[in-house]
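Notes follow once the structure below has been shown.
Please read these numbers as outputs of a predicted model, since none were measured by experiment. Within every chain, numbering begins at 1; the chains are lettered A, B, ... in the order of the sequence lines, protein sequences first and strands thereafter.
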Protein chains: 2
Amino acid sequence: MDTSAKLAKIRKQLHDGGYKLTPQRESTVLVLLENDKDHLSAEEIYMLVKQKSPEIGLATVYRTVEMLTELKVVDKISFNDGVARYDLRKEGAKHFHHHLLCLECGSIQEVEEDLLLEVEKTVESQFKFKVSDHRLTFHGVCKECQNKA
Amino acid sequence: MDTSAKLAKIRKQLHDGGYKLTPQRESTVLVLLENDKDHLSAEEIYMLVKQKSPEIGLATVYRTVEMLTELKVVDKISFNDGVARYDLRKEGAKHFHHHLLCLECGSIQEVEEDLLLEVEKTVESQFKFKVSDHRLTFHGVCKECQNKA
DNA sequence: TTACCTGCAAATTGTTTGCAGCCAC
DNA sequence: GTGGCTGCAAACAATTTGCAGGTAA
């Protein structure tokens, strides 16, 4: 699926939620689509949107990502560095993907395969806890940094 | 192991790291030991320490928990609510325990059993990523809230 | 004495809110 | 014209920092 198809889908999600896809919101969504391998903070999104639409305000970006989180277009995640980051949901993903955070270089790699199906079953039966989503981040050293050392 | 034995162990960890266990630090550690089932923020720790040692400053609490994190006495974790929380490492635990966050009542339950051994092996072999720790939180509905509904 | 540690207040940073104006329907 | 949306500035909240004074080895 290409960018414009993804954008059309998100436009529909907004409409279904009672929101309009204004130019500012469209610019913000496009930045997210173009940087879907990154994990941008609101401030970083703002900087990128500003390059194409210099008149946008930071508060609008915050309001937009909050709305996108509510609509489950993006997932909000924090890697313990004090800023919230926003990550596009993968196409058709039932659950949030996992992350590999390198403690050496700070890179964040994504793991789309859901490795927690068995673990979730265990949690549901052992704790009677109904799982709706998860956050899983591994801390360690990435392949590249291992080779450097 | 009782509280004073745990305290003695932590005192040693501080000394090994080149720090002293000052009265303020001791009060802070005691609050953490007495509330090891909670997930206290710096502000909450400060309030509890203040009850016994009213002269302590908030900045000292921040500096102490930062030091304890560095020494791996506690783990710092954020549940996407904008505050950092501090969780005592379990005795002998190689990895950080898991959490069940209830989206209805906000309760946080701990899962000490390490459910990720297999998953970590997969990550190590599939991505050549050397895992040193992890953060796993399930979002969902706890047993009690399911019964209420 | 010297280096570490503390409390306080000020500064910083990330995020939210109030509000007046604007725009699409 | 009404309601949603925006930018700006101010407010807020969590955390960090500068600094003068205190304290233990």
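Closest approach of B:Val131 to B:Glu124, counting heavy atoms only: N-OE2, 2.8 Å.
Of the residues in residues 59-83 of chain A, those placing a heavy atom less than 4.0 Å from an atom of DNA chain D are A:Ala59, A:Thr60, A:Arg63, in numerical order. Within residues 7-27 of chain A, no residue places a heavy atom under 4.0 Å from DNA chain C. For DNA chain C, no neighbouring residue in residues 32-53 of chain A is found when judged by any heavy atom under 4.0 Å.
To the nearest angstrom, C1' of C:dA9 lies 17 Å from CD1 of B:Ile56. Rounded to whole Å, atom P of C:dT15 lies 9 Å from atom CG of A:Leu58.
A:Leu103 is not listed as a side-chain neighbour of A:Val141, based on a closest heavy-atom distance of 4.5 Å or more.
With sequence neighbours left out, A:Met47 forms a side chain to side chain contact (heavy atoms under 4.5 Å, CB included) with A:Glu43. When the side chain to side chain contact (heavy atoms under 4.5 Å, CB included) test is applied to A:Glu70, the partners found at least two apart in sequence or on another chain are A:Tyr19.
In this structure, B:Ser53 contributes its side chain and B:Ile56 its backbone to no donor-acceptor pair below 3.5 Å. Judged by distance alone, the side chain of B:Asp38 and the main-chain N or O of B:Leu40 form no donor-acceptor pair under 3.5 Å.
Summarising the geometry, atom CG belonging to A:Leu101 is positioned 7.5 Å from atom OG belonging to A:Ser107; distances are rounded to the nearest 0.5 Å.
Taking the six-membered ring for Trp and thresholds of 30 and 60 degrees, B:His98 and B:His134 have ring planes inclined between 30 and 60 degrees apart.
A donor-acceptor pair shorter than 3.5 Å can be found between the side chains of A:Asp87 and A:His97.
Evaluation of the salt bridge (charged side-chain N to carboxylate O under 4.0 Å, His left out) test over residues 45-65 of chain A, restricted to residues two or more places apart or in two chains, returns A:Glu34-A:Lys52.
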